[in-house]
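All remarks here apply to the structure that follows.
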Amino acid sequence: MPVTLLTSKEASSLPVYTVAADGLDACNAPKQAITWARANGFSGAAGTVLIVPGEAGAVAGAFLGLGTSDAANPLCAGALARHLPEGDWHFAEAPKEAELAVLGLMLGAYSFTRYGKKPRNTLRFAAPEGVDAARVERLAGGSFLARDLINTPAGDMGPDALEVATRELASEHGATLTVTAGEDLLKENLPMIHAVGRAAEVAPRLLDLRWGRDDAPKVTLVGKGVCFDTGGLDLKPAAGMLLMKKDMGGAANVLGLASMLMAAKIDIRLRVLIPAVENAVAGNAFRPGDVLTSRKGLTVEIGNTDAEGRLVLADAMALADEEEPELLIDMATLTGAARVALGPDVPPFYTDDEALAAALAQASQAVADPLWRMPLWKPYLSRLDSKIADINNVSLDGFAGSPIAGLFLGRFVEKAKSWAHFDIYGWNPADKPHAPVGGEAQGIRAIERMLAERYGGAS
Ligand code: BES
Ligand code: MN
Ligand code: ZN
């Protein structure tokens with residue numbers, strides 16, 4: 001990682017002075033540094049950094065703006081990772097939410113270097129007292145895994161490469177991975193995963209990772225692994241297809257989450273299910289109007305081949321449901337409608353479990369990982385009625401696209417004691433101090449916090 005966290009401060013370490021908006025008067029920096037900040041018009045706006053010069057052109061320190069208290073986001077310390085010269089640094093005074101600030105710094109240091117772009121400056125940063133550096137590293141590591149997987153183009157992150165990445169994660173943590181691929185999907189009764197993925201050059205598959213002691217509470221994560229979504233025969237237009245390498249964002253996020261949970265040794269029996277497919281166009285592609293029989297036995301009329309995510313998830317979730325997990329969580333870049341509702345930065349989640357909803361909302365606040373609950377509005381289920389099958393995969397108009405997709409998935413969950421669905425975007429379209437443009441981890445730090453509080457572990 002470009003930022004190494006130190007538990008104690010090096011002698012040569014340079015100070016970062018944190019400043020609230022218009023807070024230079026209250027800042028404990030040396031007088032001449034404050035004069036320099038004033039002369040440069042530094043006002044403490046969130047995510048601004050000003051380098052302070054020392055003698056003979058050396059660097060003496062830096063200011064970091066934290067902004068106004070209501071808009072304050074401690075993750076904006078990520079700006080430091082972009083602006084500080086290489087070397088040893090520390091906070092002159094720990095900011096209020098010091099651990100989130102250090103996490104922001106780590107997250108802001110990310111860059112995607114696989115295709116030759118230069119990494120950011122390497123920094124060594126002394127974590128303030130009370131900051132759990134190991135936890136910060138686990139959370140950043142899981143987020144980076146999700147970002148890397150999403151950023152990698154479909155040509156290098158097909159269902160086969162996603163399997164390799166999952167295998168690597170499994171072996172790092174002593175987890176087991178079982179893979180069902182190609183025609184075997186039919187043998188194992190996973191017909192919708194096969195139907196969606198069969199037109200692609202790289203065979204569709206279900207990845208099944210297991211970790212943890214057998215008698216611990218069963219927590220199962222399911223992630224949409226559509227490695228590229230052309231829309232199928234209901235082909236997407238160019239603009240809509242451009243970013244569809246990110247349609248495995250749900251898979252990337254549950255893998256990032258699994259990495260956090262396993263590294264923290266949370267005491268659960270973890271299972272991760274990823275239907276990994278490419279929604280491609282070929283003579284053997286599934287068609288609009290086809291009727292698929294799902295693993296669960298429900299027949300599904302295909303109103304639109306571009307609503308493919310819910311089909312592959314449905315079989316994976318039916319499988320997950322069979323062993324009656326205590327908690328079933330699915331994450332998916334499922335609908336454009338979720339973005340229309342809440343924009344790219346606030347993923348909606350759906351659950352009928354009030355206690356879980358409250359715990360998620362609280363954790364989301366605590367770790368500055370935005371989430372917002374939306375309703376599984378049961379009367380809308382009838383919008384998925386089909387004339388010839390048990391259910392259609394789409395409704396006729398665009399109303400409530402994200403809730404209705406959630407309701408569709410709910411038809412395949414029966415025995416799980418609790419279930420939550422996350423309709424994420426998986427992409428950061430505008431640069432932020434802690435998040436460069438590109439693939440993004442969304443909601444998984446909040447989910448990690450909720451699970452750590454529930455089940456305990458190192459976190
Ligand atoms: N992967 C898309 C959803 C998506 C699109 C997420 C753009 C984020 C950005 C999904 O498979 C899809 O195409 N959904 C359709 C559903 C529709 C056909 C009912 C959509 O949202 O348009
Ligand atoms: Mn689609
Ligand atoms: Zn999709």
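In each ligand, atom 1 is the first atom listed, and ligand 1 is the first ligand listed.
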Evaluate Phe286 against Val196 for side chain to side chain contact (heavy atoms under 4.5 Å, CB included), listing each step before the verdict.
CA-CA 6 Å; Phe286 76 123; Val196 171; 4.0 Å; yes
Determine whether Asp369 and Arg449 satisfy the following criterion, side chain to side chain contact (heavy atoms under 4.5 Å, CB included), listing intermediate values before the conclusion.
CA-CA 10 Å; Asp369 192 9; Arg449 168 64 70 100; over 6 Å; no
Kindly determine whether Asp315 and Ser294 satisfy side chain to side chain donor-acceptor pair (under 3.5 Å), including the steps that lead there.
CA-CA 6 Å; Asp315 273 358; Ser294 65; 4.7 Å; no
List the steps, then state whether side chain to side chain contact (heavy atoms under 4.5 Å, CB included) holds for Leu139 with Met260.
CA-CA 6 Å; Leu139 298 175; Met260 294 173 186; 3.8 Å; yes
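When only non-hydrogen protein atoms are considered, atom 5 (C) of ligand 1 lies nearest to Met244 CE, 3.7 Å. Here the heavy atom of the protein found nearest to atom 2 (C) of ligand 1 is Asp229 OD2, 3.7 Å. For atom 16 (C) of ligand 1, the closest heavy atom belonging to the protein is Arg310 NH2, 3.9 Å. Looking only at protein heavy atoms, the nearest one to atom 8 (C) of ligand 1 is Lys246 NZ, 3.3 Å. At the shortest separation from atom 1 (N) of ligand 1 among protein heavy atoms lies Asp247 OD1, 2.7 Å. Protein heavy atom nearest atom 21 (O) of ligand 1, with residue, atom name and distance: Gly336 N, 2.8 Å. Protein heavy atom in closest approach to atom 19 (C) of ligand 1: Val394 CG1, 3.5 Å.
Distances from the Zn ion (ligand 3) to the N/O/S atoms of Asp229 are shortest for OD2. The nearest N/O/S atom of Asp247 to the Zn ion (ligand 3) is OD2. Distances from the Mn ion (ligand 2) to the N/O/S atoms of Glu308 are shortest for OE1. Atom OD2 is the N/O/S atom of Asp229 found closest to the Mn ion (ligand 2).
The main-chain N or O of Val300 is never found under 3.5 Å from a side-chain atom of Asp390 such that the two would form a donor-acceptor pair. In this structure a side-chain-to-backbone donor-acceptor pair under 3.5 Å is present from Asp423 to Leu334. Listed for the Asn428 side chain is no donor-acceptor partner under 3.5 Å among the backbone atoms of Glu440.
Taking the centre and axis of the six-membered ring of Tyr110, the NZ or CZ atom of Arg147 falls inside the cone set by 45° and 6.0 Å. Judged by a 6.0 Å distance limit and a 45° cone about the ring axis, Lys246 is positioned over the six-membered ring of Tyr425.
Between the choices Val312, Asn304, Thr333, the shortest heavy-atom distance to atom 18 (C) of ligand 1 belongs to Asn304. With atom 12 (C) of ligand 1 as the reference point, the heavy atom nearest to it among Asp306, Asn393, Asp397 is part of Asp306.
Each of Thr152, Asp156, Asn151 was scored for a side-chain hydrogen bond (donor to acceptor under 3.5 Å, both in side chains) with Tyr115, with one residue passing: Asp156.
Geometry note: the Zn ion (ligand 3) is the vertex, Lys224 NZ and Glu308 OE2 are the arms, and the angle is 90° (rounded to 10 degrees).
Looking at every heavy atom in both residues, Cys76 comes nearest to Leu64 through O-CD1, 4.1 Å.
Ring geometry, His421 versus Trp419: the interplanar angle falls under 30°, so the pair is classed parallel (tilted spans 30 to 60°).
Counting heavy atoms closer than 4.0 Å to ligand 1, residue Lys224 contributes side-chain atoms (C-beta onward) but none from N, CA, C or O. Under 4.0 Å from ligand 1, the heavy atoms of Leu334 that appear belong solely to its backbone.
The Tyr425 neighbourhood of ligand 1 comprises atoms 8 (C), 9 (C), with distances under 4.0 Å to a heavy atom of that residue. Of all atoms in ligand 1, numbered sequentially from 1 with element shown, those under 4.0 Å from a heavy atom of Glu308 are 11 (O).
Ligand 1 lies out of reach of Arg339, whose nearest heavy atom is not under 4.0 Å from it.
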